[in-house]
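Here the structure is laid out as structure tokens; the discussion comes afterwards.
Just so it is clear, the model here is predicted, and its values are computed rather than measured. Residue numbers start at 1 and run along the sequence shown.
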Amino acid sequence: MTRRVYLHVGTPKSGTTYLQGVMAANRDRLAAAGVAVLGESHLDLVHAGMVVREDPRLERLPSRAREAWSRVVAQAHEWSGESAVVSYELLAGATPEQAARAVADLAPAEVHVVVTARDFARALPSAWQERLKFALVTPLEGWTPPPDTEVRSEWGWRTLDPAGVVRRWRGDLPVDRLHVVTMPPGGRPEELWRRFADACGIGGIEVRTAAQPANTSLGAGPAEVLRRVNELVGDPVTGSREQSVWLRDTLAHQILAPLDQEPIGLTDEQYAAAQARAAESLAYLASSGVTWHGSPEDLAPRRPFARTPGEVPASELLDVAVQAIWALLLELRSSRRAHREQALPADRRSRARTVTKNLVLGTYARRAQEATDTLAERVAELEEQLASARQLEQRLAAVTDVVEELLLPGLSRDPELLRRAVAAYRLESM
């Protein structure tokens, strides 16, 4: 059994995707240093989190999903290295009883709880966006995060407020095993990793942190376009699985997100609510004795001076919609071509690729031969011209010799007579 397990339990929208990407990319390097990254895949961690939170949706999933947390625990028990890390942000929503059971399952390992958190004013529109990707139709200007009392809420104050997460997960843990990692202002992902690694006791391990995936955000215009599409959504795009594939992954992430990265603003009321919530949260955390990795000031709301989606004019929304249609058309074309090729039997696909390759290579070879023949003809012409020029030079040289030997002695005293004589000789000889 490993000696220590670090449970990274949220909060959402606090750089968790980036941190998980770094750990996944450096899994072997961390293992060589005695640190296991638990969970066979991200989906396995999603299911493990659902098990911990006793999510009723598990009943509709295969038995393997319902056993995901048991597999994570088994990995921790089987690991002989110094420590292990479990990272899944929606563990933040667990009740105190669910959190206590999860910690007990990992005994006798020394369990540490790690909570990442970000500026409250930026967490609020980020949470609205995530709900938007699952068919939310409420405009940001009229949206309020669900309260802590909504146990099933994944994108409300229950998961976004680090104080609530610490309060529910601390249980009987000694206070020195509670860690809060603040997301540095302005992003700075490598600094976020440094703080997180310090909290997990792996700061001395050299890892690759560049070019790790981050959660995809929508600009103000694309977000409003998606919200208006949601007003039309119905069968068959219902349920979290269908919506995650078509609204989140396809329309939001693949099509709309690349079109615009304009930050999303807040209303005056929303900013005031974020300030009040941050003040309460920071007061609790200050008195709790948690270990800070970063500064508590990083959580103070900083109002984004940007438009809300409802302030984007119709002309801009139309432009975004037209670009989205074009991107979808290209995606549909690409998918159909791939589908047609995939529909062929393997031997026919292989023959088709061979024929295509031969046609392409044959075309290049034919064009190359034509170019070679043209160049050869031109070289022959130039060589013929060069030979004629050499013959002319030789004849001119002969003329000069004759003039010097025969004409110059008798005509040297009369320059004009000499000029006419040379000209006449050249004309007759050439």
Side-chain angles (χ1 to χ4, degrees), residues 1-12 14-16 18-20 22-24 26-27 30-31 33-39 45 48-49 52-53 69 72-118 159 161-183 192-205 207 281 284-296 298-299:
M1 176 79 186
T2 188
R3 287 185 56 192
R4 290 185 302 278
V5 175
Y6 292 89
L7 275 173
H8 176 211
V9 299
T11 63
S14 59
T16 53
Y18 170 78
L19 296 173
Q20 291 156 4
V22 173
M23 288 189 285
N26 293 275
R27 187 184 294 267
L30 290 168
V35 181
V37 179
L38 304 183
L45 290 169
V52 170
R53 291 165 31 238
W69 176 249
V72 169
V73 172
Q75 290 171 8
H77 285 174
E78 293 166 4
W79 181 248
S80 58
E82 184 70 15
S83 64
V85 182
V86 182
S87 175
Y88 181 54
E89 57 272 22
L90 293 184
L91 286 169
T95 66
E97 295 75 21
Q98 293 165 349
R101 283 196 295 271
V103 171
D105 288 341
L106 295 167
E110 175 184 301
V111 176
H112 291 244
V113 171
V114 180
V115 179
T116 48
R118 72 177 302 181
T159 58
D161 185 346
V165 179
V166 169
R167 187 182 289 112
R168 292 191 303 275
W169 273 91
R170 67 180 305 171
D172 297 326
L173 292 175
V175 71
D176 62 350
R177 298 189 197 174
L178 300 172
H179 306 263
V180 174
V181 178
T182 63
M183 192 173 183
L192 175 62
W193 169 257
R194 188 194 67 76
R195 296 178 182 186
F196 177 77
D198 183 56
C200 294
I202 56 177
I205 303 173
V207 299
S281 181
Y284 170 79
L285 293 173
S287 64
S288 67
V290 298
T291 301
W292 290 90
H293 304 269
S295 171
D298 294 338
L299 304 184

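- Residues forming a salt bridge (charged side-chain N to carboxylate O under 4.0 Å, His left out) with Asp298 (at least two apart in sequence, or on another chain): Arg195.
- For Arg53 against Leu90, the heavy-atom pair with the smallest separation is CD-O, 2.9 Å.
- Heavy-atom contacts from other residues, nucleotides or ligands closer than 6.0 Å to CG of Asp172 number 12 or fewer.
- In terms of heavy atoms, Ala163 sits closest to Ser281 at CB-OG, 3.3 Å.
- Residues passing the salt bridge (charged side-chain N to carboxylate O under 4.0 Å, His left out) test with Glu82, sequence neighbours excluded: Arg3, Arg4.
- Scanning both residues, Ala199 and Val114, for their nearest heavy atoms gives CB-CG1, 4.2 Å.
- Shown here for Asp105 and His77, the closest heavy-atom pair between the two residues is O-NE2, 3.4 Å.
- In this structure, Ala48 and Val72 approach most closely via the heavy-atom pair CB-CG2, 4.1 Å.
- Between Val113 and Val166 the shortest side-chain heavy-atom distance does not fall below 4.5 Å.
- How far SG of Cys200 is from NE2 of His112: 9.5 Å, rounded to the nearest 0.5 Å.
- Within the model, atoms CG of Asn26 and CH2 of Trp193 stand 7.0 Å from one another, a figure rounded to the nearest 0.5 Å.
- With Thr116 as reference, Ser14 is the one residue of Pro12, Ser14, Ser87 to meet the side chain to side chain contact (heavy atoms under 4.5 Å, CB included) rule.
- Taking His8 as the reference, Phe196 meet the ring pair (Phe, Tyr, Trp, His ring centres under 6.0 Å) condition, with sequence neighbours excluded.
- Side-chain contact between Leu7 and Trp169 is present, with heavy atoms from C-beta onward closer than 4.5 Å.
- Here the closest non-hydrogen pair linking Glu89 and Gln20 is OE1-NE2, 2.9 Å.
- For the side-chain contact (heavy atoms from CB on, under 4.5 Å) test, residues two or more places apart in sequence or in another chain that qualify with Ala36 are Leu38, Trp79, Ala84.
- Atom CG of Leu178 and atom CH2 of Trp292 lie 12.0 Å apart (nearest 0.5 Å).
- Distance check, rounded to the nearest 0.5 Å: CG of Leu106 to OH of Tyr6 gives 13.5 Å.
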Handout entry: Verdict with supporting geometry, Leu192 and Val181, side-chain contact (heavy atoms from CB on, under 4.5 Å)
Key = CA-CA 8 Å; Leu192 175 62; Val181 178; 4.2 Å; yes
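- Legend: residues meeting side-chain contact (heavy atoms from CB on, under 4.5 Å) with Arg168, ordered by chain and number and at least two apart, are Pro96, Arg158, Val165.
- Counting heavy atoms from C-beta outward, Val115 and Val290 have side chains that stay 4.5 Å or more apart.
- Remark: Thr159 pairs with no residue by the side chain to side chain donor-acceptor pair (under 3.5 Å) rule, at least two apart or across chains.
- Between Leu299 and Pro162, the closest side-chain pair of non-hydrogen atoms falls below 4.5 Å.
- Residue Leu91 holds its CG atom at 12.5 Å from OG1 of Thr11, rounded to the nearest 0.5 Å.
- From Thr2, atom OG1 reaches atom CD of Gln75 across 12.0 Å, with rounding to the nearest 0.5 Å.
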